[in-house]
2 protein chains.
Amino acid sequence: MKKEVVTLKKLSQILDLSTSTVSRALNDHPDISAATKEKVKNLAKKMHYVPNIFAKGFRQHKTNIIGVIVPNITHYFTTTMVRGILEEAAIKGYRVIISESNNDIAKQTEMLNTMLQFGVDGMLVSLTKMTREIDDVLETLNKLPLILFDKVSSKIPCTQVTINDEQAAFDAVEHLINIGKKRIAIIKEQDFSYTSQKRFAGYLRALKENNIEVDEKLIMSVDDITLENGKQMTSHLLSIKHPPDAIFAITDSAAVGVIQTLKKFNIKIPETIAVVGFSNSRLSTVIEPNLTTIDQPGETIGKNAVKHLIEEIETKSVTISNKMIEIKGALIIRDSTFKA
Amino acid sequence: MKKEVVTLKKLSQILDLSTSTVSRALNDHPDISAATKEKVKNLAKKMHYVPNIFAKGFRQHKTNIIGVIVPNITHYFTTTMVRGILEEAAIKGYRVIISESNNDIAKQTEMLNTMLQFGVDGMLVSLTKMTREIDDVLETLNKLPLILFDKVSSKIPCTQVTINDEQAAFDAVEHLINIGKKRIAIIKEQDFSYTSQKRFAGYLRALKENNIEVDEKLIMSVDDITLENGKQMTSHLLSIKHPPDAIFAITDSAAVGVIQTLKKFNIKIPETIAVVGFSNSRLSTVIEPNLTTIDQPGETIGKNAVKHLIEEIETKSVTISNKMIEIKGALIIRDSTFKA
DNA sequence: CTGAAAGCGCTTACAG
DNA sequence: CTGAAAGCGCTTACAG
């Protein structure tokens with residue numbers, strides 16, 4: 001199965017040069033004459049020489065591998081970020097190792113450790129929902145460059161790349177206000193979720209700036225922001241004394257559940273109750289009426305995260321960089337609300 | 001940034017043993033006394049010793065990395081396979097490097113090569129659609145264990161894991177026949193797509209076994225089986241002299257396009273035209289009417305592929321294994337057809 | 001401009 | 001049961 005492998009040594013024997021020279025020629029070292037370089041490179045190409053990355057990495061304490069941890073790889077939005085990460089990393093000559101934490105803190109910790117042991121040059125982490133428990137991330141951060149993306153936490157002192165959740169949520173809710181809605185419900189996650197917190201903050205600010213009073217009865221918090229929970233919360237919202245005239249679900253999945261339930265009860269969308277989601281997932285143009293939502297540029301987020309990580313890896317700056325990079329999300333208005 | 005790292009040497013100095021002994025103790029070599037083992041292991045744990053995987057891999061010509069290449073990582077079905085791969089690989093102590101070929105032959109070739117150079121122990125490949133050009137895959141197969149999954153090709157002599165496309169398509173079409181449909185159209189890809197070929201074969205067999213004549217006018221072939229193409233082909237099918245009374249689209253996306261177009265023309269589903277898709281994607285329960293489709297157990301496929309690959313890696317058997325593993329898909333009947 | 005030699009951290013055949 | 005030594009394939013400070 002294993003075919004004989006071409007090494008530096010073999011090349012050097014054939015060319016009657018030392019391995020040092022061959023190595024330097026291949027790496028374009030300025031000391032080497034142009035003639036030698038060409039000779040070496042030609043032979044290398046002819047013999048399909050590929051450097052043994054492990055010997056190289058071992059020698060240089062560098063693996064050119066980036067570790068990525070995401071909570072759930074089956075989310076469409078996550079895959080768009082992953083795509084951006086893969087693309088940008090490939091361009092810069094890095095490989096990517098991906099793991100899924102399944103929103104499980106213990107699993108996340110285990111992954112941080114195995115990636116560490118594996119010798120990745122840096123890590124890109126999208127946190128589990130339990131952002132309270134960040135000790136292990138902090139510890140990892142002490143050992144190598146680490147950047148948070150998408151699911152981030154202000155409690156971790158490192159560069160973070162995310163969409164501007166607060167502003168995007170603000171835009172979504174203000175849009176509802178602009179089309180005349182006054183009793184706007186929100187379906188969000190519990191407060192441990194940083195993303196949910198920020199979107200909720202945007203919701204509150206939009207109400208406040210438009211002098212609409214907050215009604216606690218319209219604020220639904222669930223453990224897990226799924227389609228199913230979207231349905232349940234909607235049923236509940238329909239049963240209260242003064243039901244809402246709009247529902248802002250902080251994910252598209254949940255918003256789809258909202259719409260399905262409203263339709264079940266023959267409630268007019270958006271006339272009686274308007275609906276806004278968040279993500280611009282593929283579901284949003286299949287559900288009827290099509291869902292007004294926030295488009296999140298996943299690829300851009302992924303690429304940005306990689307760029308900053310590689311910068312930190314390659315500059316090896318001891319200064320801890322702690323940038324907050326916010327990528328803009330855009331409100332996309334569809335039939336589940338009105339054009340203002 | 002870099003903290004002092006604990007090596008075998010350091011441990012051996014502290015314990016006043018040779019590195020050989022420490023190495024063997026850590027690896028549970030039978031020669032080492034239980035007492036020594038315990039002493040060594042305790043210290044290793046206390047000092048948070050982690051072996052340098054690169055030194056190890058370099059030494060043993062083994063990296064414990066599996067390379068994965070998929071055409072498109074944003075497809076939901078693909079992510080479920082990836083999830084299965086990650087899970088199973090982690091259990092067996094392997095890491096996974098993922099790349100996306102974007103259905104581009106040149107990119108796939110490039111990825112095969114960089115993964116090779118990267119020293120992966122084996123590869124899991126889901127082919128681009130252009131399965132005609134397989135030279136590079138064949139060449140890679142000569143150098144290390146490689147297994148095809150999902151998008152496979154009978155022309156490549158290696159183990160392949162896929163769902164039983166032919167039978168699943170047969171079941172789907174026979175279901176249409178059972179509910180009384182006689183003019184069943186298919187929307188498929190061009191013949192270079194192996195998956196499409198197999199599903200088409202199932203379609204043909206179902207017609208044949210039920211004595212239904214094939215009508216070439218009902219066979220639509222597109223370059224790319226997208227939602228948009230599903231729409232276009234449906235418009236076309238509606239315009240022909242004798243339109244179909246059922247449409248089998250070989251992916252859910254296309255089937256969604258079919259349904260959207262039929263609804264636009266106020267055609268009753270399933271009474272006038274029934275629709276079947278393939279994949280059981282999330283769209284299938286959001287589109288209305290809900291889509292009858294084939295459920296593909298992605299995680300099972302992923303896990304199976306990893307299992308077989310690791311077996312090949314670890315047995316290093318020179319015998320080329322060439323198993324065809326077919327995972328069963330299941331027909332899920334929803335409102336876009338009738339219960340038989 | 002080129003080469004000899006050391007060393008990265010580990011494993012393992014050989015010796016005792 | 002333990003150790004000394006070689007070697008995996010590369011890079012690089014040192015020497016010339």
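These numbers come from a predicted model, not from an experiment.
Partners of A/E139 under the salt bridge (Lys or Arg N to Asp or Glu O under 4.0 Å) rule, at least two apart in sequence or in another chain, are A/K143. In this structure A/N64 satisfies the side-chain contact (heavy atoms from CB on, under 4.5 Å) test together with A/K62, A/Y94, A/D121, sequence neighbours excluded. Partners of A/E87 according to the side-chain hydrogen bond (donor to acceptor under 3.5 Å, both in side chains) rule, which considers only residues two or more places apart in sequence or in another chain, are A/K303. Among residues two or more places apart in sequence or in another chain, the side-chain contact (heavy atoms from CB on, under 4.5 Å) test is passed with B/P71 by B/S101, B/N103, B/S126, B/K151. For B/K328, the side-chain contact (heavy atoms from CB on, under 4.5 Å) partners are B/N164, not counting sequence neighbours. Not counting sequence neighbours, the partners of B/I91 by the side-chain contact (heavy atoms from CB on, under 4.5 Å) test are B/E88. For the side-chain hydrogen bond (donor to acceptor under 3.5 Å, both in side chains) test, residues two or more places apart in sequence or in another chain that qualify with A/N102 are A/K107. By the side-chain hydrogen bond (donor to acceptor under 3.5 Å, both in side chains) test, A/S12 pairs with no residue at all, sequence neighbours left out.
As rounded to whole Å, 14 Å separates atom P of C/dT2 from atom CG of A/D28. Remark: C1' of D/dG3 and CG of B/L17 are 10 Å apart, rounded to the nearest angstrom. Look at CD1 on A/I32: it is 10 Å from C1' on C/dG3, rounded to the nearest Å.
For A/T19 and B/A34, each mapped to the nucleotide of DNA chain D holding its nearest heavy atom, the one lying further toward the 5' end belongs to B/A34.
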Polar atoms only, N or O, under 3.5 Å: list the protein pairs with nucleotides 13-15 of chain D and their distances.
residue: D/dA13; atom: N6; partner: A/R24; partner atom: NH1; Å: 2.8

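One finds no side-chain N or O of A/S33 lying less than 4.0 angstrom from the OP1 or OP2 phosphate oxygen of C/dC1. Under 4.0 angstrom from either OP1 or OP2 of C/dG3 there lies at least one side-chain N or O belonging to A/S18. OP1 or OP2 of C/dG9 has not a single side-chain nitrogen or oxygen of B/S23 nearer than 4.0 Å.
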Practice item. Both distances under 3.5 Å, Watson-Crick or G-U wobble: on that basis, could you give the dot-bracket string for DNA chain C, with [ ] for crossing pairs and | for other-strand partners? Key: |||.||||||||.|||
Contacts under 3.5 angstrom, residues 32-39 of chain A side chains, donor-acceptor by atom type, not counting sequence neighbours:
residue: A/S33; atom: OG; partner: A/T36; partner atom: N; Å: 3.2
residue: A/S33; atom: OG; partner: A/T36; partner atom: OG1; Å: 2.7
residue: A/K37; atom: NZ; partner: A/H29; partner atom: O; Å: 3.2

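For residues 35-46 of chain A, proximity to DNA chain D is found at no residue, defined as any non-hydrogen atom under 4.0 angstrom from a strand atom.
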